[in-house]
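Working notes, structure below.
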2 protein chains.
Amino acid sequence: MSELNNHSLRITKQRQIILDELCSVTSHPTADVLYQMVRKRLPKISLGTVYRNLEIMSECGIIQKLDIGGTQKRFDGSAHVHYHVRCNQCGRVDDLDLPPDFNVEKAAGKLTSFKILRHRLEFTGTCPECQS
Amino acid sequence: MSELNNHSLRITKQRQIILDELCSVTSHPTADVLYQMVRKRLPKISLGTVYRNLEIMSECGIIQKLDIGGTQKRFDGSAHVHYHVRCNQCGRVDDLDLPPDFNVEKAAGKLTSFKILRHRLEFTGTCPECQS
DNA sequence: ATAATTGCAAACTCTTTGCAACGCC
DNA sequence: GGCGTTGCAAAGAGTTTGCAATTAT
């Protein structure tokens, strides 16, 4: 799948608007939420197109696909490495800008015969709205 | 090894054998792999029963449901907090017994208005078999 | 006795895919 | 014009659920 990098990605209005909408937002929307957002500007777009483009853009490293707890994948318009908090009640996902700890990858590397490539740290908590 | 007693949970042979098989293994099987394992001892068991019991037992804290990358959930017969490495090529998941770092939860708590409850640290790497 | 649990199959949710028409380069 | 991309709908994968029969306590 990494040969997608060699494909010339065309700039279609669908792709542009999906990326626009995703980047316009600090939440980490699921594909269907993003689909609803995009439909306000492109009423005829299909959900399949949204999925296809999110897949392609995350493979190209333009965006991130998040595989956080919960049944649906979420998408992040920012490609830089950072951590996340997920609300155990409503599922909301926020960024958590703790500095990425790459030393922990070295420590892990000493405990396993896996060749460590990256790590993911996720917090579960209760968001302010759900605390009341 | 975990016990089923203590809850209002009945000890059925299905439940007992599912737990037995899960605990007999250091891998982190998906529901369908575990189903195949259990079927060798209980050929008439249904996949739904396996799913139902894994759900119930993880809710009771007897086992853990892992929501690691990949399309299927995985299950861990051990309920103690620990980290995991997942192979980016074959999907195999191993334990990684780095001591859980609860200080990171305190640090995170200072950066967010979420009330932090727990954290999850997962590594991605290439397993020995896939390195060749 | 009675309430939890089971097997079965159908339903459900999320995501992917085949295909003919379309549109960017 | 060529070929990547789209909309549509159907298929796929994984999991959950309704129900009547069964079983643990």
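Every chain is numbered from 1 and lettered A, B, ... according to where its sequence line falls, protein lines coming before strand lines.
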Nucleotide C/dG23, atom P - distance to CD1 of A/Ile45 in whole Å: 14 Å
Donor on one side chain, acceptor on other, A/Asp97 and A/His82, under 3.5 Å: no
Among C/dA3, D/dT16, C/dT15, the one nearest B/Arg10 by side-chain distance: C/dA3
B/Phe75 CZ to D/dG14 C1', straight-line distance once rounded to whole Å: 11 Å
side-chain N/O A/Thr49 vs D/dG7 OP1/OP2, d < 4.0 Å: yes
Any N/O donor-acceptor pair, B/Arg52 side-chain to C/dG7 base, under 3.5 Å: yes
Interatomic distance, A/Ile17 CD1 vs C/dC24 P [rounded to whole Å]: 12 Å
Phosphate OP1/OP2 of D/dG7: any A/Gln14 side-chain N/O under 4.0 Å: yes
Interatomic distance, A/Ile56 CD1 vs D/dG4 C1' [rounded to whole Å]: 9 Å
Residue pair A/Ile45 / A/Ile18, side-chain heavy-atom distance below 4.5 Å: yes
Student check: side-chain heavy atoms of A/Glu21 and A/Lys40 closer than 4.5 Å: no
Parallel, tilted or perpendicular, as decided by the 30° and 60° cut-offs, for the rings of A/Phe123 and B/His119: tilted
Atom-pair distance (CD on A/Gln72; C1' on C/dT15), nearest Å: 10 Å
Short side-chain N/O contact to C/dA4 OP1/OP2 from B/Ser8, under 4.0 Å: no
Side-chain N,O (A/Ser46) to OP1/OP2 (D/dA9) below 4.0 Å: no
Nearest-neighbour nucleotide for the B/Ala31 side chain, C/dG7, D/dT15, C/dT5 considered: D/dT15
d(CG, B/Leu54; C1', D/dT16) in whole Å: 13 Å
Sugar-phosphate, base or nothing in reach of B/Asn53, heavy atoms under 4.0 Å: sugar-phosphate
Sugar-phosphate only, base, or nothing, as touched by A/Arg15 at under 4.0 Å among non-hydrogen atoms: sugar-phosphate
Distance in angstrom units between A/Met57 CE and D/dT5 P, rounded: 11 Å
Neighbour count >12 (heavy atoms, 6.0 Å) for atom CG, A/Leu117: yes
Between P of D/dT6 and CZ of A/Arg39, the distance in whole Å: 16 Å
